[in-house]
Asks: 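Below you'll find the structure I mean.
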Amino acid sequence: MGQKRRGGWWPALCIGLTGTILLIYVLLAASNWIYLGWHDTLYFFSKSRMWERLWLTVWTATVSTCLSLVIGIPAGYALSRFKFPCRYLFASIIDLPIVVSPAVVGAFLFGITTRFPFDWVSEHYDIYIGRNVYGVLLVQFTVTVAFCTRLMKASFDMIPTRFEAVSNTLGASPFRTFFKVVLPMAKNGIIASMIVVWARAAAEWEGLMLFVGATEGKTDIMPFAIYLDWNGGMMGWVTSMSIVCMLMAVSAISAMKIIGGKSNVW
Amino acid sequence: MHLIRNAAVFIVIASFVLLTQAFGSEKELLFHAGLGQRSALNEIKAVFEKKYPEIKVNFSYKGSGYFIADITRSKQGDLFMPGEEFYLMQAVERGFLSDYDPQKDVPAYFVTVIITPKGNPKNITKIEDFAKPGVRVGLGNPRSCAIGIWHQKTFQKAGIWDKVKENAALSAKCIPELGNATQHKAIDATIVWSTTAVLYLRDVEIIPIEHKYRGIIRLPVGVLKFARHKKAARQLMDYILSDEGRAIFRKHAYAVNPVIPVDEQGFCLDGTTDQDMTYLVNAAKAVKHDTFPVTEKTVGDLMEEVLRQKKTIRAGD
């Protein structure tokens, strides 16, 4: 008995601290919900505007995540497996959009799309590049593709290379090996990363602020809409949308934990 | 694996559908507008698009400080309506607007008012009260928002600028920050536009300012030189300047009198805006107290705004 109990304070402290963090977050959510009140919760949650915005957020984030995956999976695989010149330089450059603020991404996108040939395109074809939902997708994609590649590299790094070697010696082409051996093994990691990437895309707004500007009903995804309504003094909208965002995040993370299972990418 | 393959097919189809949608035949206007004008301009957009179904209005709402960088760089946009004449003049100086007429192109005005948290805990009734010791004053940063310039101007005119600076508890980067701080009782008093004050009827007290310190801020609108659809842009601008357009601004607590006499600094000279101030004060009472009558006579054109805010406890639409 005495043996077992010795040093028991350390796990207790750790668990206690976890509990404290949890408590802080629960308090944050609860106090805001109390501030909103039950009557207003029902009112705002029954508004179609709320769900239109949620849908806009969901589909833009989904599309940009898919685009990121198309590039991110092969790129992550390449960085994880193949040796090619300037590999480390590539890896560092790909980390950039994760480290720098999304505002920088927005400003840079703004810079590039107002130069040749884009200015010529927008003048002749009567479109404002970047002022619509494609701008939103572009910002989300630019921010998340790096993130995605990074996470994919981590997923592939965890898979032992032996299986690939076996597959190759048995005569499968690298292409076939990738799809038949590597991808199925990396499945959990990929799905877990996908959800993280999706959440990152759905939370993007600094880049949007600089590059896109808000058009209501067209480019105001949830985080941007919260900012807009904060400026309009509509605290009811701000609070209720924050709650929806939080619920969205909690479901995304839970989904990741359930699907990703044993994967320790995150 | 199937998942990924299906996703790839989905992307190809989705991008194709989206791209074909991108080149519609409608005239789309890009309207650079200050965040503060959002509620009024959204309403104008709705009415205008019903009137001219072939024209679509897209706003690019930003803080007024962002515009010049955006327009200089992108050379995009049809109309421009920033939160202060100063920003429009910057565009005029750079040659982005060719035909701005200061006499005619001002559809609406902001009027400055004092706001305090509900119940007015420090009993603020006039400009001089801002210098009282212990009053936490919210000031705007003059570099990033127009209200900051007006704070300085107003308190300098009253000769209490140094004392007010000592009382400052907040240096706001934009005007909603002042409104939100007052709503959450983080400051005891500040000066904001009437249009900002009207957003917080339930949570703040509104105190009109006497004429010599009451600022009138011109809100001009203009068609940009590189507008794609000059004619459509002009139509929208004319609509904004029409009586019908002005009436919509009025519903959101803008002053819309064609002529408001002001001195060279922009302070009010007579009681043209007095009636608007009375409506504003009454509107704040009406939202707070259910017994206060909400009629044309008590709150004027602010009726819709009052009813909107009475509907929910935390203001929404």
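Note that the structure is predicted; figures quoted are calculated from it, not measured. Lettering follows sequence order; numbering is per chain, from 1.
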Asks: Does the plane of the ring in A:Trp230 sit parallel, tilted or perpendicular to the ring in B:His184? Use 30° and 60° as the thresholds.
Replies: parallel

Asks: Would you mind checking which part of A:Asp220 comes under 4.5 Å of any heavy atom in chain B, side chain (CB onward), backbone (N, CA, C, O), both or neither?
Replies: neither

Asks: Check the pair A:Met234, B:Arg308 against side chain to side chain contact (heavy atoms under 4.5 Å, CB included), reporting the backbone distance first and the verdict last.
Replies: CA-CA 11 Å; A:Met234 301 173 176; B:Arg308 171 179 87 94; 4.2 Å; yes

Asks: Which residues from residues 111-119 of chain B are near chain A, with near meaning under 4.5 Å between non-hydrogen atoms?
Replies: none

Asks: Counting only non-hydrogen atoms closer than 4.5 Å, does A:Leu69 touch chain B with its backbone (N, CA, C, O), its side chain (CB onward), both, or neither?
Replies: neither

Asks: Between B:Ile175, B:Asp78, B:Asp203, which has the largest tally of heavy atom pairs under 4.5 Å with chain A?
Replies: B:Asp78

Asks: Which region of B:Glu177, side chain (C-beta onward) or backbone (N, CA, C, O), has a non-hydrogen atom less than 4.5 Å from a non-hydrogen atom of chain A, or is it both or neither?
Replies: neither

Asks: Does A:Arg131 form a salt bridge (Lys or Arg N to Asp or Glu O under 4.0 Å) with B:Asp70? I'd like the steps, not just the answer.
Replies: CA-CA 12 Å; A:Arg131 307 285 178 172; B:Asp70 185 327; 2.8 Å; yes

Asks: Report yes if some heavy atom in the side chain of B:Arg38 is under 4.5 Å from a heavy atom in the side chain of A:Leu228; otherwise report no.
Replies: yes

Asks: Taking side chain as C-beta onward, heavy atoms only, is B:Asn58 less than 4.5 Å from A:Lys218?
Replies: yes

Asks: Can you tell me if CD1 on A:Ile112 sees more than 12 non-hydrogen neighbours from other groups inside 6.0 Å?
Replies: no

Asks: Counting only heavy atoms not in B:Lys288, do more than 12 fall under 6.0 Å of its NZ?
Replies: yes

Asks: Identify which part of B:Ser74 has an atom lying under 4.5 Å from any heavy atom of chain A, answering side chain, backbone, both or neither.
Replies: both

Asks: At a 4.5 Å cut-off on heavy atoms, which part of B:Tyr200 comes close to chain A: side chain, backbone, both, or neither?
Replies: side chain

Asks: So how far is it from A:Thr219 OG1 to B:Phe59 CZ, rounded to the nearest 0.5 Å?
Replies: 12.5 Å

Asks: Could you tell me which portion of B:Asn180 (side chain, backbone, both or neither) has an atom closer than 4.5 angstrom to a non-hydrogen atom of chain A?
Replies: side chain

Asks: Checking B:Asn42 against chain A: side chain, backbone, both or neither under 4.5 Å from a heavy atom?
Replies: side chain

Asks: Are A:Met235 and B:Arg202 side-chain neighbours, meaning at least one heavy-atom pair lies under 4.5 Å?
Replies: no

Asks: Kindly check if the number of other-residue, nucleotide or ligand heavy atoms within 6.0 Å of CH2 (A:Trp55) is above 12?
Replies: no

Asks: Give, as side chain, backbone, both or neither, the part of A:Tyr35 having an atom under 4.5 angstrom from any heavy atom of chain B.
Replies: both

Asks: Should we say atom CZ of A:Phe45 is surrounded by more than 12 heavy atoms from elsewhere, each under 6.0 Å from it?
Replies: yes

Asks: Using atom types as modelled, flag every donor-acceptor pair under 3.5 Å from a side chain in residues 101-109 of chain A to any protein atom, sequence neighbours excluded.
Replies:
residue	atom	partner	partner atom	Å
A:Ser101	OG	A:Ala103	N	3.0
A:Ser101	OG	A:Glu206	OE2	3.4

